[in-house]
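The first residue of the sequence shown is numbered 1, and numbering continues consecutively from there. The structure displayed is predicted, hence computed values, not measured ones.
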Amino acid sequence: MSLFKAWQERLENQHTKENQQFIENYLEKEKQAYKKILASGTASLTGRIDELAKEYDMDTVTFMGFLDGINTSLDSKLDLETLTEESEIDKAIILYKLYYNMLAAKAHWLYELEEWDNLLSAEERAAIRKQYNEDHRAVRTKVGRNDPCPCGSGKKYKKCCGA
C-alpha cells in the first residue's frame, strides 16, 4: 500500500479510538514541524521522504499527511500517490501561499504561530488576511426587478429581459 493510501485510510477511519489518537498526535507533530520550518526560515523541502520524516520527528505515513497539507503551498504540486519512502523531493515553500492556506483551513494553531513574525511582517499578514476575506466574501448575483438590466439596455430589468 502506498504511503498516501495509508494516510487516506487513517483519515477515513478516524472514528476509532486508535485513529483519533493518531489524528491528535498528527496535529501536534504538524504544529512542531511548521514551528521548525518557520523558525529556521527554511524555504524548501529537500531530501528523501524517510529522512525528512525523521528530521520532523514523524513516521512516513504521518509525514505524508504533512505533505498532503502543505502541497498547495509549494512551488509545484507533488504527485502524492507515487511517493515512496525512498522518493526524493525538492520543492520550494511559498510563504504567502502557506499563510493563506492556513487561513483557508481555519488552522489558527498554525497561522497564529509567533514564528511568522520573523518571516512576514504584521502588515503582510494583514494584507494576506484581507485578500483571503475578499476571496471568500459572499456575492449576490441575483438581479432584482428594479435593478438595471444586465443586458446593458439601460432599462429596468422588469421592463426589459425580466418582462
Side-chain angles (χ1 to χ4, degrees), residues 1-140:
M1 178 186 306
S2 75
L3 293 173
F4 188 63
K5 292 275 187 216
W7 167 249
Q8 286 183 318
E9 192 172 287
R10 285 289 182 126
L11 286 180
E12 290 170 4
N13 298 323
Q14 62 180 303
H15 302 295
T16 66
K17 187 171 182 127
E18 176 189 333
N19 279 349
Q20 284 179 338
Q21 183 63 36
F22 174 83
I23 297 298
E24 288 173 18
N25 184 43
Y26 165 75
L27 293 174
E28 184 56 35
K29 297 266 186 198
E30 176 189 45
K31 181 178 178 180
Q32 295 308 317
Y34 280 119
K35 278 184 158 193
K36 187 174 183 178
I37 288 169
L38 297 173
S40 69
T42 303
S44 66
L45 288 174
T46 306
R48 282 174 44 132
I49 298 291
D50 55 353
E51 293 169 354
L52 287 169
K54 284 181 187 170
E55 182 181 338
Y56 294 108
D57 191 30
M58 298 181 198
D59 61 81
T60 53
V61 173
T62 305
F63 189 70
M64 185 55 62
F66 178 76
L67 288 177
D68 188 20
I70 200 171
N71 202 17
T72 57
S73 302
L74 300 175
D75 59 348
S76 61
K77 284 189 173 185
L78 293 165
D79 184 4
L80 298 174
E81 294 191 19
T82 62
L83 295 178
T84 65
E85 291 182 357
E86 296 82 28
S87 297
E88 292 274 344
I89 61 171
D90 185 13
K91 298 290 181 182
I93 302 169
I94 302 172
L95 294 176
Y96 71 87
K97 281 176 73 175
L98 180 60
Y99 191 81
Y100 184 97
N101 290 334
M102 287 177 175
L103 290 170
K106 298 180 180 17
H108 62 87
W109 62 93
L110 298 177
Y111 64 76
E112 291 177 350
L113 289 172
E114 63 186 36
E115 286 79 2
W116 279 110
D117 295 343
N118 299 327
L119 299 172
L120 296 173
S121 68
E123 294 81 24
E124 290 172 312
R125 290 191 308 254
I128 294 169
R129 186 180 300 269
K130 182 179 179 182
Q131 183 63 48
Y132 170 78
N133 289 337
E134 286 177 13
D135 292 346
H136 293 85
R137 182 176 297 136
V139 178
R140 185 178 145 219

Which heavy atom in [X] sits nearest to a heavy atom in [Y], and how many Å separate them?
X      : Y      : value
Leu119 : Gly41  : CD2-CA, 4.0 Å
Leu120 : Arg125 : O-NH1, 2.7 Å
Tyr34  : Leu113 : CB-CD1, 4.1 Å
Thr82  : Ser87  : O-OG, 4.1 Å
Ser2   : Glu81  : CB-O, 4.0 Å
Ala33  : Phe66  : CB-CE1, 3.8 Å

Does the side chain of [Y] come within less than 4.5 Å of [X]'s, by heavy atoms?
X     : Y      : answer
Leu78 : Leu45  : no
Leu38 : Asn118 : no
Ile94 : Leu74  : no
Val61 : Phe22  : yes
Thr60 : Met64  : no
Glu55 : Leu52  : yes
Leu11 : Ile23  : yes

Next item on the list: Would you please test Phe63 and Asp50 for side chain to side chain contact (heavy atoms under 4.5 Å, CB included) and show each step?
Entry: CA-CA 9 Å; Phe63 189 70; Asp50 55 353; over 6 Å; no

Say you draw a straight line from [atom1] of [X] to [atom2] of [Y]; how long is it, rounded to the nearest 0.5 Å?
X      : Y      : atom1 : atom2 : result
Leu95  : Glu124 : CG    : CD    : 9.5 Å
Tyr99  : Leu103 : OH    : CG    : 5.0 Å
Asp135 : Ile128 : CG    : CD1   : 12.0 Å
Met102 : Glu112 : CE    : CD    : 11.5 Å
Ile89  : Ile49  : CD1   : CD1   : 4.0 Å
Asn71  : Lys77  : CG    : NZ    : 6.0 Å

Notebook entry, point to check: How are the rings of His108 and Tyr111 set relative to one another: parallel (under 30°), tilted (30 to 60°) or perpendicular (over 60°)?
Noted result: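 Aromatic pair His108/Tyr111 classed perpendicular.
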
Checklist line | Parallel, tilted or perpendicular, as decided by the 30° and 60° cut-offs, for the rings of Tyr132 and Tyr100 | finding: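 Ring orientation of Tyr100 relative to Tyr132: perpendicular.
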
Next item on the list: Carefully, step by step, assess Phe4 and Leu83 under the rule side chain to side chain contact (heavy atoms under 4.5 Å, CB included).
Entry: CA-CA 8 Å; Phe4 188 63; Leu83 295 178; over 6 Å; no

Notebook entry, point to check: Where do Gln32 and Glu28 land on the side-chain hydrogen bond (donor to acceptor under 3.5 Å, both in side chains) test, with the steps shown first?
Noted result: CA-CA 6 Å; Gln32 295 308 317; Glu28 184 56 35; 2.7 Å; yes

Item checked: Cation-pi geometry met for Lys36 and Tyr56 (6.0 Å, 45°) ->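 Yes, Lys36 sits over the ring of Tyr56.
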
Next item on the list: Please report the C-alpha distance between Arg48 and Glu86 in whole Å, then the side-chain angles of each, then the deciding distance to 0.1 Å, and finally whether the side chain to side chain contact (heavy atoms under 4.5 Å, CB included) criterion is met.
Entry: CA-CA 6 Å; Arg48 282 174 44 132; Glu86 296 82 28; 3.7 Å; yes

Margin query: Does Thr72 form a side chain to side chain contact (heavy atoms under 4.5 Å, CB included) with Lys97? I'd like the steps, not just the answer.
Written below: CA-CA 8 Å; Thr72 57; Lys97 281 176 73 175; 5.9 Å; no

Item checked: Glu114, CD: over 12 other non-hydrogen atoms inside 6.0 angstrom -> no

